[in-house]
Amino acid sequence: MANDTGRLAALPATAAWRHLGLRAGFEIAHFATNARDGGTRLWGNSLIMEDGVGYAVTYSVSVDENWKTREATIETRTEQSTLTTRLLRDEGGTWTVDGRARPDLAGCTDVDLEASVVTNTLPIHRLVGNSGVHAVRAVYVRSDCTVDVLDQTYDIPAIDSTRFHCAYTAPQFGFAADLYYDETGLILDYPGLALRDVGA
């Protein structure tokens, strides 16, 4: 369980969510920590039906011991096409997308996938234990594999229970909501988007 220092419990091997509201479908993610360097890899799939269009997104994200993204690979499959993009972030914070430098992504520490709720755990793992409002710049990967910057804020509470919530905003989308997390820092309830299947 989480404790009064804000330390999170260990991630499960697997977690699942049901998409709801804006889209229908489900997401399954897997987690593994590298004992040598403390980094974590998360990978999974989202199967989505949105506005009458079905698509599948497969992703793999690796973070360092401080939960800053090292690399990510995202593939989107539809009836008509398969799109893939790969992101790399070096130790100096420079990003490349499909091998091309992207200076506009400078200052981004996370990747945020439009088709996934699991990536909302990345800043939580880095910021928990440091309560207050934090500005987060994320590399935002849309379902069509286009890449932009997404400025966000997370209002991190003092963690003293097994479940908690934080106020989240994404001003570019005019979006604000309370995101609910379990003791491992994974989303339980993303209002209007997804619910965790806690039985999985």
Side-chain angles (χ1 to χ4, degrees), residues 15-27 29 42 44-61 63 67-69 72-78 83-87 89 93 95 97-98 102-128 130-157 164-182 185-196:
W17 294 263
R18 287 179 289 118
H19 296 300
L20 50 81
L22 293 177
R23 58 202 186 203
F26 64 90
E27 176 177 3
L42 45 148
N45 299 273
S46 276
L47 299 178
I48 293 169
M49 180 66 74
E50 186 173 8
D51 296 328
V53 177
Y55 57 96
V57 177
T58 300
Y59 57 84
S60 175
V61 179
V63 299
W67 283 83
K68 294 181 179 180
T69 300
T73 301
I74 302 95
E75 178 185 272
T76 297
R77 286 174 287 124
T78 68
L83 303 170
T84 304
T85 192
R86 186 169 186 225
L87 296 85
R89 178 182 177 275
W95 289 84
V97 178
D98 298 326
R102 287 287 301 266
D104 58 310
L105 305 180
C108 294
T109 50
D110 304 296
V111 62
D112 189 309
L113 307 183
E114 180 182 28
S116 169
V117 295
V118 75
T119 48
N120 286 95
T121 197
L122 305 185
I124 292 296
H125 274 81
R126 190 175 61 255
L127 298 172
V128 75
N130 186 10
S131 60
V133 179
H134 298 268
V136 173
R137 265 172 84 78
V139 176
Y140 187 61
V141 184
R142 298 180 185 273
S143 297
D144 62 3
C145 286
T146 55
V147 176
D148 299 299
V149 173
L150 180 61
D151 290 306
Q152 310 162 313
T153 65
Y154 287 81
D155 190 351
I156 305 296
F164 62 96
H165 68 275
C166 70
Y168 168 81
T169 66
Q172 288 153 261
F173 298 136
F175 181 80
D178 284 342
L179 305 186
Y180 292 81
Y181 291 86
D182 70 4
L186 291 178
I187 289 277
L188 283 170
D189 184 359
Y190 194 127
L193 198 63
L195 279 173
R196 172 88 179 273

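We're numbering straight along the sequence, starting at 1.
Taking the side-chain contact (heavy atoms from CB on, under 4.5 Å) definition, one finds that Leu22 meets it with Leu193, sequence neighbours left out. Partners of Tyr168 according to the side chain to side chain donor-acceptor pair (under 3.5 Å) rule, which considers only residues two or more places apart in sequence or in another chain, are Gln152. Partners of Asn45 under the side chain to side chain donor-acceptor pair (under 3.5 Å) rule, at least two apart in sequence or in another chain, are Thr58. Residues forming a side chain to side chain donor-acceptor pair (under 3.5 Å) with Ser131 (at least two apart in sequence, or on another chain): none. For Arg18, the side chain to side chain donor-acceptor pair (under 3.5 Å) criterion is met by no residue, not counting sequence neighbours. Taking the ring pair (Phe, Tyr, Trp, His ring centres under 6.0 Å) definition, one finds that His165 meets it with Tyr180, sequence neighbours left out. Residues passing the side-chain contact (heavy atoms from CB on, under 4.5 Å) test with Val149, sequence neighbours excluded: Leu105, Cys108, Arg137, Asp151. Considering only residues two or more places apart in sequence or on other chains, Asp104 meets the side-chain contact (heavy atoms from CB on, under 4.5 Å) condition with Arg102. For Tyr55, there are no ring pair (Phe, Tyr, Trp, His ring centres under 6.0 Å) partners at least two apart in sequence or on another chain. Remark: Tyr59 engages no residue in a ring pair (Phe, Tyr, Trp, His ring centres under 6.0 Å) (not counting sequence neighbours).
At a threshold of 4.5 Å between non-hydrogen side-chain atoms, the residues Thr76 and Asp144 do not count as touching. Proximity of Ile74 to Leu113: side-chain heavy atoms (C-beta onward) are separated by under 4.5 Å at one or more points. When side chains are defined from C-beta on, Val118 counts as touching Leu186, because their heavy atoms get closer than 4.5 Å. His125 has its side chain out of reach of Val63: every pair of non-hydrogen atoms, C-beta onward, lies at least 4.5 Å apart. Between Val147 and Val139, some side-chain heavy-atom pair lies under the 4.5 Å cut-off. Side-chain contact between Thr85 and Val141: present, with at least one pair of heavy atoms (C-beta onward) separated by less than 4.5 Å.
Residues His19 and Phe26 share a closest heavy-atom pair of CD2-N, 3.3 Å. The minimum heavy-atom distance linking Met49 with Gly54 is given by the pair SD-N, 3.6 Å. For Arg89 against Trp95, the heavy-atom pair with the smallest separation is CD-CZ2, 3.3 Å. Counting all heavy atoms, side chain and backbone alike, Ile156 lies closest to Asn130 at CB-O, 4.0 Å. Nearest heavy-atom pair, Ser46 versus Ala115, reported as atom, atom and distance to 0.1 Å: OG-O, 2.7 Å.
To the nearest 0.5 Å, the span separating CG on Leu122 from OG1 on Thr109 amounts to 8.5 Å. Taken from CD in Glu27 to CG in Leu47, the straight-line distance is 9.5 Å, to the nearest 0.5 Å. Note that CG of Leu179 is 4.5 Å distant from CD1 of Ile187, once rounded to the nearest 0.5 Å. Rounding to the nearest 0.5 Å gives a distance of 4.0 Å between CD1 of Ile124 and SG of Cys166.
Side-chain atoms of Thr153 and Thr169 form a donor-acceptor pair, as typed in the model, at a separation below 3.5 Å. For the residue pair Asn120/Tyr181, the side-chain donor-acceptor check at 3.5 Å is not satisfied.
Residue pairs meeting the salt bridge (Lys or Arg N to Asp or Glu O under 4.0 Å) criterion with at least one partner in residues 111-125, sequence neighbours excluded, do not occur; the list is empty. Pairs engaging residues 46-55 under the salt bridge (Lys or Arg N to Asp or Glu O under 4.0 Å) rule: none recorded [sequence neighbours left out].
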**OP:** Before giving the answer on side chain to side chain contact (heavy atoms under 4.5 Å, CB included), spell out for Asp148 and Gln172 the whole-Å C-alpha distance, their side-chain angles and the decisive distance to 0.1 Å.
**Re:** CA-CA 11 Å; Asp148 299 299; Gln172 288 153 261; over 6 Å; no

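Asp98 places a side-chain N or O within donor-acceptor distance of the main-chain N or O of Arg86, the cut-off being under 3.5 Å.
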